[in-house]
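Worksheet: one structure, shown below.
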Amino acid sequence: EKVHRCGGAYIGGNIVLTAAHCVAGVDGFATRRRVRLGTQNLRVPGATFRIADWKVHPGFVNAEPYPHDIAVLRIVADTPEARRLDLRKHAIRMLGTRPGDLPVARGDRLRITGWGRTKARNSGQAQLARDGTRNPMSPVLMQISQRPDPAACAMLPGYADRIADKTICAVSELAGSDSCNGDSGGPMTRAQGSERVLVGLVSWGRGCALPGMPAVYTSVPGYLDWIAGARGALGRR
């Protein structure tokens, strides 16, 4: 049975960005995982793609504060459903790839989307909510809004050790809402003119929606050079 594990962001050219912790150390990653695109409801059959190649940032460490939590995947349309999907309609532009792009600022309203767990939890078992009830992942795409707040991370032990210029620290506009397990690797976007641009990827946090606890995202603009080099290397294999 296929189940959802992580999110990702399709940036065009058969390339998907995701979190390194979704890839590194996963047994049989390329043979046991596939990428699904063009859907909002996981209960409805959709187009899935084979993972042909991938590259994890060489500086990634799978422990807090999860430095360089980013990976690139190259996908291949190997089913009729995937071949019929117009991938150009599903690509998102990365912030910093056009002149005039404005950097992420404290007052920005950022959108996080994913199919992750739907209830607040402690730092223990992800499958259980704080009240001990089941904490399922959502079958339909969910979204929340957060705002950047570097100070929220700077004053908390562990969070302060992150690579500040490579991450975005954010807090929710609505109490009790947060990114959570299953959202990892998924997109953080910002409205810019008539488009939405990709600014971050869901990385980590202690628990989900805990009072006073921010969430940490990999800053996509902080890795544009690495992404360019990595996707070029994948194309040569």
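- Heavy atoms only, all atoms of each residue included: Ser184 and His21 are closest at OG-NE2, 2.9 Å.
- Put simply, the side chain of Trp115 gets close to the backbone of Gln40: a donor and an acceptor are under 3.5 Å apart.
- Residue pairs meeting the ring-ring contact (aromatic ring centres under 6.0 Å, His included) criterion with at least one member in residues 142-165, sequence neighbours excluded: Tyr159-Trp204.
- The shortest distance between side-chain heavy atoms of Ile227 and Ile15 does not fall below 4.5 Å.
- Sequence neighbours left out, not one pair with a member in residues 12-26 passes salt bridge (Lys or Arg N to Asp or Glu O under 4.0 Å).
- No continuous path of hydrophobic side-chain contacts links Val104 to Trp226 [ILVMFWY only; heavy atoms under 4.5 Å].
- In this structure a side-chain-to-backbone donor-acceptor pair under 3.5 Å is present from Ser172 to Ser177.
- Considering every non-hydrogen atom in both Ile51 and Val35, the closest pair reads CG1-CG2, 3.9 Å.
- A salt bridge links Asp149 with Arg106: at least one charged nitrogen is closer than 4.0 Å to a carboxylate oxygen.
- Residue Arg88 places its CZ atom among 12 or fewer non-hydrogen atoms of other residues, nucleotides or ligands, all under 6.0 Å distant.
- Asp225 CG: 12 or fewer foreign heavy atoms inside a 6.0 Å radius.
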- Query: Going through the distances and angles, do Glu195 and Ile92 end up as a side chain to side chain contact (heavy atoms under 4.5 Å, CB included)?
  - Reply: CA-CA 9 Å; Glu195 66 175 338; Ile92 187 168; over 6 Å; no
- Task: Decide yes or no on side chain to side chain contact (heavy atoms under 4.5 Å, CB included) for Arg190 and Leu102, but give the supporting numbers first.
- Result: CA-CA 11 Å; Arg190 184 187 70 190; Leu102 299 175; 4.1 Å; yes
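- Between the Asn14 side chain and the Ile75 main chain, a donor and an acceptor come within less than 3.5 Å of each other.
- The nearest pair of heavy atoms linking Leu156 to Pro214 is CD1-CD, 3.3 Å.
- Remark: the backbone N or O of Asp69 is paired with a side-chain donor or acceptor of Thr218 at under 3.5 angstrom.
- Side-chain atoms of Asp183 come within 3.5 Å of backbone N or O of Gly116 as a donor-acceptor pair.
- Connection of Tyr10 to Tyr217 is not established within any shared hydrophobic cluster, with ILVMFWY side chains joined at heavy-atom distances below 4.5 Å, either directly or through further cluster members.
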- Task: Take Val197 and Thr97 through the test side chain to side chain contact (heavy atoms under 4.5 Å, CB included) and record every step on the way to the result.
- Result: CA-CA 10 Å; Val197 293; Thr97 55; over 6 Å; no
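- Although no hydrogens or angles enter the test, the distance criterion places no donor-acceptor pair under 3.5 Å between the side chain of Asp108 and the main chain of Leu110.
- The closest donor-acceptor contact from the side chain of Lys55 to the backbone of Val72 lies at 3.5 Å or more, if one exists at all.
- Ionic pairing of Asp78 and Arg34 is present here: one or more N-O contacts between side-chain nitrogen and carboxylate oxygen are shorter than 4.0 angstrom.
- Of the possible polar contacts, one joining the His4 side chain to the Gly182 backbone as a donor-acceptor pair under 3.5 Å is found.
- Hydrophobic clustering, with ILVMFWY side chains joined whenever heavy atoms are under 4.5 angstrom apart, keeps Ile144 apart from Leu210.
- Of the possible polar contacts, none joining the Thr79 side chain to the Phe49 backbone as a donor-acceptor pair under 3.5 Å is found.
- In this structure, Arg32 contributes its side chain and Val26 its backbone to no donor-acceptor pair below 3.5 Å.
- Residues Val171 and Met142 do not share a hydrophobic cluster, defined by chaining ILVMFWY side chains whose heavy atoms lie under 4.5 Å apart.
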